[in-house]
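Beneath this line is the structure, given in structure tokens, with notes to follow.
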Amino acid sequence: MTTDTALKVADYKSDLKPIWCSGCGDYGVITPFYQALAEIQAQPKDTVIVSGIGCSGRFPYFCNTYGFHGVHGRALPTAAGVKIANPDLAVVAVGGDGDGLGIGGGHVAHVCRKNIDMTYILIDNSIYGLTKGQSSPTSPLDMTSKTAPYAYLEDPVNPLLMMLAYDASFVARGYSGKPKVLKELFTRALKHEGFSVLHIYSPCVSMNKQVTFKTMNEIVQPLPDDWDTSDRLKGMEMAMDTGTFYTGVVYEDHRPTIHRRLDDLEERSGRYDELGDLFRQYK
Amino acid sequence: MTTDTALKVADYKSDLKPIWCSGCGDYGVITPFYQALAEIQAQPKDTVIVSGIGCSGRFPYFCNTYGFHGVHGRALPTAAGVKIANPDLAVVAVGGDGDGLGIGGGHVAHVCRKNIDMTYILIDNSIYGLTKGQSSPTSPLDMTSKTAPYAYLEDPVNPLLMMLAYDASFVARGYSGKPKVLKELFTRALKHEGFSVLHIYSPCVSMNKQVTFKTMNEIVQPLPDDWDTSDRLKGMEMAMDTGTFYTGVVYEDHRPTIHRRLDDLEERSGRYDELGDLFRQYK
Amino acid sequence: MATHDLVVRIGGEGGEGVISCGEILSRAVARGGLNIHAFRTFPAEIRGGLAMFQLRGSDGPARSLSQSVDVLCAINHNAYDAYVGNIKSDGVLLYDPAFVKIDDRLGGRRRIELPLDAISNEATGASRAKNMVAMGALLAVFDVPVEYGKTLAGEHFGTKGEDVVRMNQGAIEAGHTYALQHMAEIRKPFNRIPDRDQILVNGNEACAMGAIAAGVDFVPGYPITPATPIFEFLCRELPRFGGKAVQFEDEIASLAAGIGASFAGKRVLTATSGPGLSLMSETLNLAAMTECPITIINVMRGGPSTGMPTKTEQSDLKFAIYGTSGESPRCIMAPLDIYDCFWQTVRAVRIAEKYQIPVIVLTDQALAYTSQNIDTPDLTDVELGERLAPPLDTDPETFERYADTENGISPMPIPGVHELMYMSTGLEHTPKGAPNYTPANHELMTAKRFRKLTALGRRVVQQSHVEEEEPEGVEVGIIGWGSTYGAITEAIEQIEADTGVRVAHLHPRILSPLPEWRIRQFLGPLKKLIVPEENYTGQYAHFLKGKFGIKPIEIHKAHGVPFTAEELVGAIKEEL
Amino acid sequence: MATHDLVVRIGGEGGEGVISCGEILSRAVARGGLNIHAFRTFPAEIRGGLAMFQLRGSDGPARSLSQSVDVLCAINHNAYDAYVGNIKSDGVLLYDPAFVKIDDRLGGRRRIELPLDAISNEATGASRAKNMVAMGALLAVFDVPVEYGKTLAGEHFGTKGEDVVRMNQGAIEAGHTYALQHMAEIRKPFNRIPDRDQILVNGNEACAMGAIAAGVDFVPGYPITPATPIFEFLCRELPRFGGKAVQFEDEIASLAAGIGASFAGKRVLTATSGPGLSLMSETLNLAAMTECPITIINVMRGGPSTGMPTKTEQSDLKFAIYGTSGESPRCIMAPLDIYDCFWQTVRAVRIAEKYQIPVIVLTDQALAYTSQNIDTPDLTDVELGERLAPPLDTDPETFERYADTENGISPMPIPGVHELMYMSTGLEHTPKGAPNYTPANHELMTAKRFRKLTALGRRVVQQSHVEEEEPEGVEVGIIGWGSTYGAITEAIEQIEADTGVRVAHLHPRILSPLPEWRIRQFLGPLKKLIVPEENYTGQYAHFLKGKFGIKPIEIHKAHGVPFTAEELVGAIKEEL
Ligand SMILES: Cc1ncc(C[n+]2csc(CCOP(=O)(O)OP(=O)(O)O)c2C)c(N)n1
Ligand SMILES: Cc1ncc(C[n+]2csc(CCOP(=O)(O)OP(=O)(O)O)c2C)c(N)n1
Ligand code: SF4
Ligand code: SF4
Ligand SMILES: [Mg+2]
Ligand SMILES: [Mg+2]
């Protein structure tokens with residue numbers, strides 16, 4: 001593959017065919033993602049997709065880029081390591097609601113505050129898909145599941161509100177039933193310098209019979225045209241309105257990434273020329 | 001000890017003398033805590049204090065109640081287990097900013113949404129005290145520490161904003177330099193039915209020379225008298241104002257705890273009389 | 001008395017069809033008075049790929065999976081492709097001619113057309129019910145009244161409405177009728193034992209039932225294949241017994257909550273698999289140090305790392321024994337079949353409570369997904385084991401939570417019950433619970449904690465083996481553990497029948513602390529010891545070597561699928 | 001040539017005073033041309049409790065801590081109380097009569113008044129500088145020019161301003177003068193070796209320097225006692241070499257980030273201790289499965305659980321070897337002294353990179369907080385080891401990231417460098433990296449991964465022991481590991497001197513994979529093997545038993561403090 005020929009959508013598909021159930025929302029996520037990669041002409045050899053465990057964690061297998069399928073809940077810190085190691089790479093992390101808000105929930109605030117320059121695709125289906133239907137952190141109160149056979153007893157987390165509270169520097173929300181919007185959001189997220197998170201609702205047609213394409217279609221709505229992406233508080237207010245599922249870029253901010261700050265550090269610390277400079281301090 | 005004699009503050013102190021450095025903010029936390037216990041006449045035998053690891057994690061040793069000193073970052077789920085096991089116990093979890101917002105940060109959202117009826121005392125000193133002075137999740141940008149010898153490269157998390165975003169059902173903020181206010185806050189938090197969290201700034205006089213009693217005194221201020229504790233969004237706005245450190249009860253909400261919902265479940269599931277009822281389903 | 005055995009495998013496209021066909025069939029055959037052994041595999045992916053269900057029905061003990069089958073029912077060509085080689089030379093292929101293309105590989109083996117699709121269409125107007133057609137046909141093969149199948153299908157599809165029930169029952173009827181006409185010769189003259197008081201369960205269900213029987217009243221959990229069904233079972237059933245099953249955000253929180261609940265006086269159990277157990281390591285150590293009883297069922301799967309979540313392997317033994325930093329006591333157990341899953345779980349909880357230690361029960365994916373009909377457990381006279389509690393009038397001044405007793409077990413007060421407030425801590429502590437790092441105290445408390453294991457080890461002797469006495473004059477012995485029990489037992493029977501060589505078999509259920517005295521006795525007369533394990537490195541063999549200085553012959557299989565008796569016969573014969 | 005040794009212990013209230021006195025003194029004595037061995041203890045709590053600093057200066061090798069001291073300098077009564085029993089019968093107590101009340105326990109031993117408080121007040125007008133008075137006095141005892149101490153104090157207190165420096169230098173001077181008058185008799189006729197090219201470092205510093213020398217360029221970290229100083233060192237020094245040290249929110253994130261960076265082509269190292277290593281278990285397994293090189297320095301502390309964070313113990317060995325679910329390859333190493341901490345870290349990183357495996361280096365709290373002066377490492381001719389990379393023009397169609405090679409090592413492309421995109425996954429996978437759970441593939445890939453360990457094991461032989469040849473006709477041997485090296489070596493010298501019995505000593509630095517051939521050779525002539533370890537259960541002994549079917553005599557010490565040579569002499573003599 002040479003870099004001076006434009007890459008097409010097909011160039012981003014790997015040889016493996018997605019093994020998601022037919023009708024799974026995740027098809028509606030990966031297609032616009034391929035399109036966005038083509039739109040920005042991402043170089044496969046310079047692109048790394050890191051995932052956690054779950055149906056959504058299968059994502060990188062289907063992309064013709066470098067891929068890393070790590071352990072459950074650790075996509076973000078693993079991806080952070082890739083990016084800090086080599087800031088020239090384009091890094092994407094992807095995982096499900098269980099992966100990213102349950103077991104991995106503790107890592108999100110910290111990549112946000114480091115403002116690691118990567119894109120996080122949080123694929124939410126309000127269920128544990130791969131393990132076949134247990135409650136997840138976004139399962140609504142009272143929803144039944146294999147681990148809540150009578151009713152779910154917990155209130156769901158509010159992922160969007162959390163991302164805003166963590167001060168992610170780019171926060172957007174999408175829906176796999178609206179792939180065109182998604183392509184746009186992916187493109188913007190990938191271009192953003194800093195940590196960008198996309199909360200995407202993507203129905204699980206096999207395991208979740210309660211939050212579905214049908215119920216989602218009723219509440220999905222684009223953000224108003226005049227939406228001010230610099231108003232974090234307004235974004236929070238919107239996020240607290242759980243009756244409507246607004247899609248679009250909610251918030252965007254430009255501030256230094258840890259990579260830039262680390263670059264500065266090399267100067268600040270005072271460069272040594274050789275090991276002997278270090279040894280000398282201990283004579 | 002008999003329960004019909006009123007318990008005094010001294011009754012809540014254990015035989016172990018606190019081993020914190022002299023001048024440590026944590027003395028200003030534990031004293032009003034004893035007072036609050038006396039105020040509500042907590043029964044030592046029905047009270048369990050669970051802590052993580054850190055200087056602040058030593059808290060339960062100094063209280064004449066049941067105490068559990070677990071591993072780093074797991075005070076909340078451990079305490080949750082105690083409370084779910086026996087909802088008649090009064091349960092308090094306590095730990096530092098590293099313990100609760102770093103390694104244990106992933107658990108907070110989930111005790112909030114379970115609305116476990118307990119009190120969480122988050123003792124924040126913007127440093128890792130016990131391990132002698134490394135950066136913590138609340139260390140301000142640029143603050144130097146043993147792991148940030150040139151400058152800290154990360155923005156701090158905003159604990160108050162996070163707790164509000166997680167929808168903790170009682171959120172308050174205090175300062176160990178104002179123990180009277182703290183006593184009041186502890187009393188209210190302990191009485192609240194549901195998950196109550198107290199974010200307390202408590203300077204580390206030995207390891208943190210940058211956020212100190214002095215710098216805190218300049219920015220601490222009580223919430224306005226007419227503060228509306230039912231307005232979560234307003235609370236968020238206030239939390240985002242990091243120039244002032246408002247103390248008081250920021251937010252309070254009354255909604256069912258998981259304990260009540262679990263009680264309901266016993267009914268809903270249909271009670272069996274004996275093992276045979278279960279075996280019968282598998283014949 | 002000669003026993004009869006019939007092994008049937010159904011293969012088809014992944015998804016529920018094949019599995020529910022197999023499940024209903026199993027139950028019908030069990031009710032029909034045979035001992036069954038049912039196993040399934042499915043792809044790790046949610047959809048697509050091959051699913052298979054294998055049912056063995058026998059009037060003798062049906063202890064293990066069999067590699068070769070009497071009947072292969074191939075619903076599609078992939079199934080034929082994958083499994084044709086497994087049909088015994090005197091076996092039969094049942095196949096749908098519309099989907100399966102026979103080739104050379106069938107060789108001289110018999111085949112019988114079973115036009116599932118056509119029959120389903122004819123009987124119900126749709127292809128959808130073809131799994132039930134297969135079921136009806138296989139009922140006939142096992143000579144089980146078709147009514148059994150229809151009743152069970154009625155229950156199975158009940159929630160989906162009468163039409164669905166009727167359609168499926170029609171399909172069963174049609175399959176059955178077809179089979180009576182075309183397959184009569186497959187039937188065997190089984191000696192049935194009808195009307196037994198039995199239940200049909202898999203290893204996961206047996207463990208979960210064992211937990212309830214053991215009086216477990218708090219179950220924190222986090223889903224992980226292949227242990228998830230234990231937690232799901234308990235989410236459904238535990239509330240009916242007044243207990244609580246609560247899902248947490250990860251395994252760390254789950255075990256931490258379990259320890260909290262144990263500290264608060266509950267009997268606690270959780271279930272997980274390799275990656276989850278890994279995350280529990282730090283907290284497990286805390287349980288040992290604070291002496292909070294807790295039981296973990298670890299359903300082993302193919303490793304390492306995420307590995308092969310839907311495959312079986314006996315590879316977490318060393319991790320279970322050594323998987324914590326520093327040195328703390330712990331008991332490791334391994335049930336040897338479905339029935340034992342129930343009883344060893346009951347026993348595990350008892351041991352945890354009595355000794356105030358963590359207990360890990362190692363089952364595996366094969367046990368978890370194998371069903372057998374077992375005698376309904378009778379809990380009369382079963383000791384559940386109580387935690388040692390201090391008398392209510394104990395003097396708090398002199399009370400020591402971690403008293404240095406002879407067997408290491410110290411009285412544990414319960415918050416809310418005892419007026420004996422104490423600190424439970426992961427730091428090294430005095431008998432009173434105060435942090436203390438002096439050499440003398442560390443030595444005292446380490447010894448106290450380990451003395452519990454010695455005390456337990458002494459008691460284990462009487463209970464942990466399968467055969468009370470080895471055959472006279474035996475020179476060859478096998479030590480196995482866990483789910484290989486059935487295959488080893490059948491292999492030994494076969495070898496004795498084939499060669500006349502007698503082989504002794506020890507299958508400890510408590511793997512650590514080792515039942516030393518018993519093992520020494522077993523090793524006594526042996527010239528050869530064989531240790532078969534479903535792992536790559538020979539974990540139990542290495543453990544035995546470390547303890548007894550022996551050099552066993554090791555048989556390793558790390559294929560993701562269990563040993564079959566046939567395989568073991570071959571491997572063992574080579575060593576005789 | 002007779003060698004001379006002087007062991008001085010300073011004891012006082014917790015906090016910085018005692019420690020900084022000891023640190024400056026150590027450096028001055030080292031510059032003065034002696035070999036030093038300096039050890040410290042402090043309470044786990046931030047303040048309060050007793051702190052002690054022990055300095056051994058010698059013109060021979062100063063390999064170990066000593067239990068008994070020539071000079072005890074008791075700053076307060078608590079120090080006298082705790083340590084008076086450790087003074088040798090011909091030793092001396094230096095004490096401040098204003099604070100220390102002498103009693104019977106001193107027995108016939110000499111004492112010399114050292115009125116620290118009074119001297120400090122007289123010389124500086126405050127009590128504060130009394131630690132420096134002690135330092136000055138001890139300089140005189142070691143016969144080191146007072147200027148050395150004053151210069152070092154100048155550097156130490158430099159940032160606090162000239163007044164502080166002057167005050168402390170005055171105190172040193174005063175202490176020195178006092179000592180010259182009152183303590184001349186304590187001095188020994190050392191044969192000094194001045195002007196050596198040496199550095200004075202502790203085990204943590206040596207490991208951290210080793211990491212830099214090894215070309216490590218990414219260090220994720222999370223603080224934990226006693227490993228924190230390694231990370232702090234690297235936060236300070238790594239940027240000066242263009243590397244990055246980044247703190248994460250916990251050990252899980254830290255190791256995950258490390259693996260990400262390793263995948264991206266960096267040389268990665270992190271440091272932790274027991275509880276942190278526990279949390280890394282799942283991710284460590286991922287590193288093995290994805291074959292991402294990574295090095296972990298695990299500084300062992302007293303366990304289990306939170307245990308005794310500031311005390312030492314060799315109790316994480318089994319966990320390091322077996323601490324992951326399933327079966328995956330890993331290399332476990334243990335440096336034997338400070339110098340070795342440097343070199344084994346360099347070697348660990350090389351092994352990790354070459355074999356694409358995780359390497360765990362086990363040091364301990366005793367090594368971490370022991371300082372020695374060592375020759376400045378010379379890196380000329382040292383092979384740092386490169387990861388196997390595919391040629392840039394490799395054909396992506398046929399390229400296999402996990403190619404099944406003879407030694408199991410496969411070429412690893414780097415994102416951004418190679419146009420060889422592949423999937424790195426914790427699932428079992430084909431040589432190409434695609435998930436695959438078939439028996440044949442699992443067998444192939446498991447064998448491939450373990451073959452790396454076999455290849456490594458074969459190479460280990462030549463390098464992992466201390467003595468190339470055992471003495472002729474020896475019948476008693478000792479196998480040790482890690483930080484006990486110094487104490488064992490000195491004990492053997494003592495025993496040979498006392499009894500004439502020759503004792504062989506093997507001290508492998510690579511503990512797993514075991515250097516089998518070498519150990520067999522060592523065991524050959526032995527009638528008795530002794531394995532001393534600082535743990536309760538005899539972890540390495542058990543490991544050796546499992547591999548070689550031997551029955552060593554085990555000496556266990558789990559006291560939180562290291563073996564002393566004296567102790568070992570006693571224990572070993574009992575077994576002769
Ligand atoms: C440590 C660990 N615990 C549990 C699991 C089992 N597991 C795999 S995926 C998953 C949850 C998947 O849910 P989600 O993240 O929402 O992804 P989805 O499948 O819905 O896309 C779980 C619990 C695991 N692989 N590792
Ligand atoms: C798993 C694990 N990692 C690291 C540590 C070391 N450690 C002990 S306390 C602590 C941080 C303490 O900081 P904080 O929680 O803010 O409490 P403080 O001492 O400031 O009150 C750390 C990192 C540990 N005990 N366990
Ligand atoms: S189970 Fe749900 S999330 Fe997983 S592939 Fe199927 S539809 Fe998609
Ligand atoms: S180190 Fe800081 S937090 Fe810890 S006891 Fe001392 S002053 Fe308090
Ligand atoms: Mg999901
Ligand atoms: Mg802190």
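Every chain is numbered from 1 and lettered A, B, ... according to where its sequence line falls, protein lines coming before strand lines.
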Distance-minimising heavy-atom pair for B:Y150 and D:P239: CE1-CG, 4.3 Å

Can you confirm whether D:R128 is buried at CZ, in the sense that more than 12 heavy atoms of other residues, nucleotides or ligands lie under 6.0 Å from that atom? no

So which residues of residues 221-229 of chain D are in contact with chain B at a heavy-atom cut-off of under 4.5 Å? D:Y222, D:P223, D:T225, D:T228

Counting only heavy atoms not in B:D241, do more than 12 fall under 6.0 Å of its CG? yes

Considering heavy atoms only, which positions within residues 133-149 of chain B lie below 4.5 Å of chain D? B:Q134, B:S135, B:K146, B:T147, B:P149

Go through it in stages, so that I can follow the logic: the residues are B:I103 and D:E251, the test is side chain to side chain contact (heavy atoms under 4.5 Å, CB included), and I'd like the CA-CA distance, side-chain angles, deciding distance and then a yes or no. CA-CA 8 Å; B:I103 191 166; D:E251 287 88 350; 3.5 Å; yes

In residues 152-161 of chain B, which residues are in contact with chain D at a heavy-atom separation under 4.5 Å? B:E154

Side chain / backbone / both / neither for D:L279 at chain B, heavy atoms under 4.5 Å: side chain

Tell me, for B:H69 versus chain D, whether the close heavy atoms (under 4.5 Å) come from the side chain, the backbone, both or neither. neither

For B:T119, check side-chain hydrogen bond (donor to acceptor under 3.5 Å, both in side chains) against everything at least two apart and list the hits. B:S196

